[in-house]
Amino acid sequence: MRLSKMHLRTLREVPSEAEIPSHILLLRTGMIRKLVSGVYGFMPLGYRALQKVEQIIREEMDRTGAQQIHMSAVQPAELWQESGRWYAYGPELWRLKDRNGRDFCLGPTHEEIFTDIVRSEVSSYRQLPMNLYQVQHKYRDEARPRFGLMRSREFIMKDAYSFDRDDEGADASYRAMYDAYRRVFSRLALKFRPVEADSGSIGGSFSHEFMVLAQTGEDTIVSCKECEYAANVERAESLPPAEKDDAEPPAWEEVFTPAQHTVEEVATFLSVEPKNLIKTLLLDVDGKSVAALVRGDRELNEIKVKNYFKAGAVRMATPEEVTAWSGAPVGFAGPVDLKVSAVIADLELAAREGWVTGGNKADTHLINVSLARDCKVTAYADLRSLDANDPCPRCKGSLEFMRGIEVGHVFKLGLKYSESLKAVFLDENGKEQYIVMGCYGIGVSRVVAACIEQNHDESGIMFPPPVAPFEVILANLDTKSEEVSAKAEELYSLLRGQGLDVLLDDREERPGVKFKDADLVGAPMQLVIGAKGLARGIVEAKDRRSGEKRELPLGGFAAAFAAWKQTVYAGWGMA
RNA sequence: CGGAGCGUAGCGCAGCUUGGUAGCGCGCCUGCUUUGGGAGCAGGAUGUCGCAGGUUCGAAUCCUGUCGCUCCGACCA
């Protein structure tokens with residue numbers, strides 16, 4: 001592609017709406033254009049990057065035997081009512097009506113549609129297993145779209161659905177997708193981790209997320225330094241302490257703690273450590289009052305509470321509710337004689353007795369509380385978030401925390417949708433069986449953003465070669481010189497002959513503009529040809545990632561380029 | 001949904017307090033000069049000041065309403 005003929009508009013200044021690097025750079029390079037909040041269009045450069053990602057995904061999906069189809073984004077409400085998600089999904093489901101007032105939605109995901117196809121097309125065990133996928137727009141009316149392509153209301157997703165005769169088959173399909181995802185993200189030259197994850201509103205029995213590692217990621221993941229364990233903190237399991245201290249404390253008594261609300265304040269006031277306190281958090285779980293107890297130095301993980309109750313919605317109680325349930329202002333709730341429908345305690349709290357708790361009375365705490373003796377604890381469960389001192393739940397090794405961007409998610413769904421939508425087949429014995437399902441998504445547009453998030457510097461994007469809209473940018477610094485231009489054209493067709501995507505900067509611009517734009521748009525390999533270099537018989541080459549420059553001789557250029565290309569790719573961990 | 005902020009040229013912004021000719025930088029167009037890290041000079045084009053209503057002789061500016069956008073939080077494969 002010749003830059004003089006390509007529509008490219010780069011911005012010098014940072015658009016005020018963008019905060020994070022990928023959003024800023026996608027706008028500055030003119031790769032995307034916002035239409036309205038959370039809805040973006042792709043311009044030539046951006047669309048090329050998107051297609052590169054898509055192509056790699058398609059190749060790896062096809063390799064597993066999955067078949068690409070294309071369903072509409074518009075979906076009839078009936079199917080969603082049948083699965084129950086029309087009511088369960090909430091305002092994020094983008095609903096619309098046709099002229100006759102019939103309900104539809106724009107698909108946020110396609111379990112219903114794919115299950116519907118399969119239940120009408122598949123009737124025999126001979127047709128299974130089957131895996132269908134598509135690359136298509138998804139719509140989620142996000143409460144707060146943000147960060148450009150990271151969290152948009154319309155986005156591009158590859159979604160695949162597997163259909164198997166039994167659980168073993170479904171596990172094999174899941175494994176095949178998991179492996180395919182590893183290959184996809186490896187081929188994209190991204191640093192990523194597959195982690196154990198919460199299965200959220202898609203449902204199902206287990207799932208893994210694929211996280212691209214980046215500081216600006218919205219998720220936190222824990223990863224064991226010694227074994228393979230890695231999980232989203234939302235889901236990472238905590239181990240109860242090994243030792244147990246059953247010594248029964250003396251009877252509890254009230255202590256006066258005027259205006260001491262927080263754990264820190266109370267601990268300091270009573271000269272005890274925060275880990276000797278119990279934090280009593282009051283929650284509304286699907287409309288029921290619940291108290292969740294964790295050690296004073298721990299953080300409650302609301303997702304674990306939600307999963308424990310298999311609840312739809314969990315929220316912190318309002319100050320009014322706290323007062324109504326505990327009889328005291330915020331900061332003094334405790335588990336002794338608390339009027340709530342359930343009290344659940346973190347596993348760790350079973351390990352010892354003699355706690356400091358809130359007194360359910362203003363300015364009052366209790367000491368020497370025994371959960372077993374003094375409180376009605378409904379159940380003990382893993383409720384807290386891990387912290388840096390926690391051991392790995394698998395091997396007890398040490399954990400590290402990092403930020404990640406979720407670019408892929410694989411779920412084993414089991415019978416969730418086949419039961420609600422009655423997707424069945426006849427087995428060898430002529431008996432009707434439910435199809436066992438899995439579903440697998442990759443946020444294609446988010447991958448492009450994540451890739452930039454992981455690979456950029458002050459000057460612009462550093463695209464990994466497999467994602468780069470162009471692998472090489474060839475800048476002709478002297479477009480008015482016939483010799484230089486002839487040489488540039490010669491190199492341009494030579495490189496294209498090698499199957500590379502090359503962008504020839506043949507604009508009548510000053511060198512500085514060309515250098516800045518080359519760095520900004522982030523082609524992994526930059527070549528510069530100008531009168532000076534030509535006189536010396538060389539082309540300058542710059543590795544965008546490392547910044548390393550070298551001179552390639554025009555005599556024997558092809559060999560010198562091949563060697564250089566190899567070092568550039570090696571820098572990306574590519575063969 | 002709660003809190004905060006912002007809507008003025010393609011982009012970044014000033015002007016609003018104290019009402020009176022709509023501005024600056026970048027970008028864009030023309031010409032000349034320039035040409036190895038976002039050139040210089042000269043000339044030029046581009047605005048329903050988000051929208052609607054109100055106050056006023058007169059509103060970008062004051063008042064009311066409304067829409068949009070962004071950030072923090074809540075929420076979220």
Side-chain angles (χ1 to χ4, degrees), chain A residues 9-20 23-24 27-28 30 33-39 85 88-93 107-111 138-148 150-153 155 157-161 197-204 207-211 218-219 232 234-235 284 302-303 306 312-316 318 405-411 413 438-443 446 458-460 475-481 484 505 507-520 526 528-536 540 542 547 549:
Chain A
R9 189 189 181 85
T10 57
L11 301 177
R12 293 189 184 192
E13 290 173 286
V14 177
S16 58
E17 70 196 51
E19 293 287 318
I20 63 166
H23 192 193
I24 291 170
L27 290 170
R28 283 194 60 206
R33 268 194 84 90
K34 184 174 72 178
L35 190 58
V36 291
S37 175
V39 179
R85 287 207 292 181
Y89 216 94
E92 210 180 301
L93 185 63
T109 170
H110 281 223
E111 281 79 13
K138 292 286 179 281
Y139 297 85
R140 293 185 191 178
D141 196 0
E142 293 283 348
R144 184 143 95 86
R146 61 189 127 170
F147 304 145
M150 272 319 185
R151 182 166 297 278
S152 47
R153 295 195 291 172
F155 59 99
M157 175 160 134
K158 184 286 301 177
D159 48 325
Y161 304 85
D198 186 62
S199 46
S201 74
I202 297 278
S207 78
H208 285 86
E209 288 168 335
F210 286 76
M211 296 283 188
E218 291 191 85
D219 290 285
N232 193 312
E234 289 178 353
R235 129 117 201 182
D284 176 301
E302 287 183 36
I303 293 184
K306 186 172 166 179
V314 172
R315 63 168 177 83
M316 294 295 290
T318 63
I405 300 164
E406 180 192 348
V407 290
H409 204 157
V410 294
F411 296 89
L413 294 171
C439 74
Y440 319 93
I442 294 179
R446 189 186 273 183
E458 324 69 55
S459 309
N476 174 356
L477 294 194
D478 295 279
T479 49
K480 294 217 172 95
S481 151
V484 174
D505 190 349
R507 295 175 298 176
E508 290 189 19
E509 285 288 353
R510 298 165 59 85
V513 174
K514 299 190 179 191
F515 293 138
K516 289 287 186 191
D517 277 343
D519 285 347
L520 183 63
Q526 293 178 11
V528 175
I529 176 103
K532 288 183 185 173
L534 189 57
R536 293 173 45 224
E540 287 150 73
K542 177 173 144 184
K549 291 179 185 173

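Reminder, nothing fancy here: chain letters follow the sequence lines and each chain counts from 1. Hydrogens, waters and symmetry mates play no part in the numbers below; they use all other heavy atoms, side chains included.
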Open item on the list: Rounding to an integer number of angstrom, what distance separates B/U17 and B/G2 when you compare their P atoms?
Closed with: 31 Å
Open item on the list: Going by the rule side chain to side chain donor-acceptor pair (under 3.5 Å), which residues pair with A/Glu92 if we only count those two or more places apart in sequence or in a different chain?
Closed with: none
- [ ] Identify, with sequence neighbours excluded, every residue that meets salt bridge (Lys or Arg N to Asp or Glu O under 4.0 Å) alongside A/Arg315.
- [x] A/Asp284, A/Glu321
Open item on the list: Please report the distance, rounded to the nearest Å, between CZ in A/Arg28 and P in B/G38.
Closed with: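 Going from A/Arg28 (CZ) to B/G38 (P), I get 14 Å.
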Task: For A/Lys514, side chain to side chain donor-acceptor pair (under 3.5 Å) partners two or more places apart - done: none
TODO: Taking the side chain as every heavy atom from C-beta outward, state whether A/Tyr139 and A/Val39 have any pair of such atoms under 4.5 Å apart.
DONE: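 With C-beta onward as the side chain, the pair stays apart.
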Open item on the list: Base, sugar-phosphate or nothing for A/Lys549? Non-hydrogen atoms, less than 4.0 Å.
Closed with: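 If one applies the 4.0 Å heavy-atom cut-off, A/Lys549 turns out to touch a base.
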Open item on the list: A/Arg144: which residues meet the side chain to side chain donor-acceptor pair (under 3.5 Å) condition with it, sequence neighbours left out?
Closed with: none
Task: B/U35 OP1/OP2 closer than 4.0 Å to side-chain N/O of A/Lys514 - done: no
Open item on the list: Counting distance alone, no hydrogens or angles: does the base of B/G36 have a donor or acceptor under 3.5 Å from a partner atom on the side chain of A/Arg536?
Closed with: no
Task: With A/Thr10 via side chain to side chain donor-acceptor pair (under 3.5 Å) - residues at least two apart - done: A/Asp517
Open item on the list: A/Lys542: which residues meet the salt bridge (Lys or Arg N to Asp or Glu O under 4.0 Å) condition with it, sequence neighbours left out?
Closed with: A/Asp519
TODO: Could I get the full list of ring-ring contact (aromatic ring centres under 6.0 Å, His included) partners for A/Tyr161, not counting sequence neighbours?
DONE: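 Residues passing ring-ring contact (aromatic ring centres under 6.0 Å, His included) with A/Tyr161: A/Phe114.
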- [ ] For A/Arg146, report the nucleic acid contact type (base, sugar-phosphate, nothing); a contact means any heavy atom under 4.0 Å.
- [x]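 The residue A/Arg146 makes base contact.
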Open item on the list: Work out how far the C1' atom of B/G12 is from that of B/G19, and round it to whole angstrom.
Closed with: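 Result for the C1' pair: 27 Å, nearest Å.
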Task: Under-3.5 Å donor-acceptor pair between A/Arg144 side chain and B/C71 base - done: no
TODO: Can you check each nucleotide of nucleotides 7-14 of chain B against protein heavy atoms at under 4.0 Å and return B for base, S for sugar-phosphate only, - for none, in 5' to 3' order?
DONE: ---SBSS-
TODO: Go through the N and O atoms of the side chain of A/Arg510 and the base of B/U34, and report whether any donor-acceptor pair is under 3.5 Å.
DONE: yes
Using a cutoff of under 3.5 Å, can you pull out all pairs of nitrogen or oxygen atoms linking the protein to nucleotides 48-51 of chain B, with atom names and distances?
none

Open item on the list: Any base atoms under 4.0 Å from A/Glu218, or only sugar-phosphate, or nothing? Heavy atoms, all strands.
Closed with: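 Contact class for A/Glu218: none.
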